[in-house]
There are 2 protein chains.
Amino acid sequence: MLSHKAKYALKALLYLAEQDENHISRTVEIADGANIPKKFLEQILLDLKRGRFVSSKQGKFGGYYLIKSKNDITLAEIHRLFDGAIALLPCASLNFYEPCSDCKTEDECSLRHGLMLIRDKTLKAMEGITIASLVKK
Amino acid sequence: MLSHKAKYALKALLYLAEQDENHISRTVEIADGANIPKKFLEQILLDLKRGRFVSSKQGKFGGYYLIKSKNDITLAEIHRLFDGAIALLPCASLNFYEPCSDCKTEDECSLRHGLMLIRDKTLKAMEGITIASLVKK
DNA sequence: TTTAAATCCTAGTAAATCTATAGAATTAAT
DNA sequence: ATTAATTCTATAGATTTACTAGGATTTAAA
């Protein structure tokens, strides 16, 4: 399941993607438009900025805007930024790999192989969902 | 990501599936064999019993054994039993459906449609992983 | 140069959830 | 009866989640 943070991030990106080119959106505007608690959204937008999905203009008349094409922002990326690994166990993860502490011998984790199959399919599906694909309905 | 509970459940089922027909496994035996904390495993086995994956014999010489074919126990079922919904949001879930509280109008959740596509693919993949498929490697 | 309006930053907090552990009750075989 | 197992209930401690608070910083207009 997605965390609220990840869900809000997607909705915020969706909101930004729906605005006119060159429009700058204030946090409060996004919060109202997408029904997200404002102070919580502030943090999320900062995370999205650090992740180079959006950029911001500070000070009066400042706000946020997309710097990555809505066709190139995938669900997989947002999941990784806010909720971490897509794989079901760390030992089956590409980007968040960690060995299992409870598996006897390192590469004989009985679950690993099967979970890597799942990971590949889920990842492929998640990379197919972009902000653009969500916005046009 | 899977919880430890779900991971331990899979490993316990795997252990049971590897035993001879008619063999009854004590909790401590499974715990040692699959490297799972014994008291924690007790709870997990009770959950698996309530889910009708295993059954038990009480008292001396008692223990646990599979009552569902290892070909019919899927990752999807274990995920649902221990970690709940497979979908990324409750509004996109088949078995754990709940409407989003933060979506303006009920069926205009901007994320729902895309997440249902993911759910279908992930579910299909997870139904393809059985205890039997994990045991034979 | 002051002021207003925005982002940015660091904490903190209440609630829930997760990962176990403890101990007693129950059941069955010897 | 005794022993050895499951079963049940409660709870502790740690972590995570979902926010909230308050202020510092930045920018632009008046």
Side-chain angles (χ1 to χ4, degrees), chain A residues 1-12 16 23-32 34-67 79 81-85 88-90 96 100-102, chain B residues 1-12 16 23-32 34-65 67 79 81-85 88-90 96 98 100-102:
Chain A
M1 296 275 280
L2 290 181
S3 65
H4 283 207
K5 233 176 178 173
K7 178 178 71 170
Y8 290 157
L10 289 169
K11 291 175 75 171
L16 292 176
H23 178 69
I24 283 191
S25 306
R26 287 170 303 142
T27 304
V28 67
E29 184 187 326
I30 305 172
D32 290 352
N35 224 26
I36 303 169
K38 193 210 161 211
K39 281 301 240 179
F40 199 22
L41 179 59
E42 275 185 21
Q43 293 178 4
I44 293 165
L45 288 167
L46 285 173
D47 287 337
L48 286 171
K49 187 182 176 188
R50 288 184 204 107
R52 305 194 179 268
F53 294 97
V54 304
S55 189
S56 67
K57 185 166 178 299
Q58 285 194 113
K60 199 170 180 177
F61 300 113
Y64 291 90
Y65 52 94
L66 282 184
I67 54 168
H79 190 286
L81 183 60
F82 292 96
D83 293 348
L88 289 172
L89 285 183
F96 296 85
C100 302
S101 57
D102 60 313
Chain B
M1 297 273 280
L2 292 181
S3 65
H4 282 207
K5 234 175 177 172
K7 178 179 70 170
Y8 291 157
L10 289 169
K11 291 174 76 173
L16 292 176
H23 178 69
I24 284 190
S25 306
R26 287 170 302 142
T27 305
V28 67
E29 184 189 327
I30 305 171
D32 290 350
N35 224 27
I36 304 169
K38 192 209 161 210
K39 282 300 244 179
F40 198 22
L41 178 59
E42 275 184 21
Q43 293 180 4
I44 293 165
L45 288 168
L46 285 172
D47 288 336
L48 286 171
K49 187 183 175 185
R50 288 185 203 106
R52 304 191 181 270
F53 294 98
V54 303
S55 188
S56 67
K57 186 167 178 298
Q58 285 193 114
K60 196 168 182 178
F61 300 114
Y64 290 91
Y65 52 96
I67 54 169
H79 190 286
L81 183 60
F82 292 96
D83 294 348
L88 289 172
L89 286 183
F96 296 84
E98 278 182 61
C100 302
S101 57
D102 59 312

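In this text, all values refer to a predicted model and were calculated from it rather than measured experimentally. Naming: A, B, ... by sequence-line order, numbering from 1 per chain.
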Just how far is it from atom [atom1] of [X] to atom [atom2] of [Y], taken to the nearest 0.5 Å?
X: B:Leu89; Y: A:His4; atom1: CG; atom2: NE2; answer: 8.5 Å
X: A:Lys5; Y: A:Leu48; atom1: NZ; atom2: CG; answer: 10.0 Å
X: B:Asn35; Y: B:Ile30; atom1: CG; atom2: CD1; answer: 13.5 Å

Taking OP1 and OP2 of [N], is either one under 4.0 Å from a side-chain nitrogen or oxygen of [X]?
X: A:Thr27; N: C:dT7; result: yes
X: A:Lys49; N: C:dC8; result: yes
X: A:Tyr64; N: C:dC8; result: yes
X: B:Ser56; N: D:dT7; result: yes

Please tell me which of B:Gly62 and A:Tyr8 maps to the more 5' nucleotide of DNA chain D, matching each residue to the nucleotide holding its nearest heavy atom.
B:Gly62
Taking the nucleotide of DNA chain D with the nearest heavy atom to each, does A:Leu2 or A:Gly59 sit closer to the 5' end?
A:Leu2
Let me know the distance between [atom1] of [X] and [atom2] of [N], rounded to the nearest Å.
X: B:Glu29; N: D:dA4; atom1: CD; atom2: C1'; result: 14 Å
X: B:Lys5; N: C:dT19; atom1: NZ; atom2: C1'; result: 9 Å
X: A:Lys57; N: C:dA5; atom1: NZ; atom2: P; result: 15 Å
X: B:Glu42; N: C:dG23; atom1: CD; atom2: P; result: 13 Å
X: B:Lys7; N: C:dC18; atom1: NZ; atom2: P; result: 15 Å
X: A:His23; N: C:dA6; atom1: NE2; atom2: P; result: 12 Å
X: A:Gln58; N: C:dC9; atom1: CD; atom2: C1'; result: 11 Å
X: A:His4; N: C:dA16; atom1: NE2; atom2: C1'; result: 12 Å

Answer yes or no: side-chain N or O of A:Gln43 and base N or O of D:dT20 forming a donor-acceptor pair under 3.5 Å.
yes
Measuring only between side-chain heavy atoms, which start at C-beta, is A:Arg50 closer than 4.5 Å to A:Asp47?
yes
Which of D:dT7, D:dG23, C:dA20 is nearest the side chain of B:Lys39? It is D:dT7
Could you check whether [X] gets within reach of a base, just the sugar-phosphate, or nothing at all, counting any heavy atom under 4.0 Å?
X: A:Phe82; answer: nothing
X: B:Lys38; answer: nothing
X: A:Phe61; answer: sugar-phosphate

Verify side chain to side chain contact (heavy atoms under 4.5 Å, CB included) between A:Phe53 and A:Leu45, making sure each step is shown before the conclusion.
CA-CA 9 Å; A:Phe53 294 97; A:Leu45 288 167; over 6 Å; no
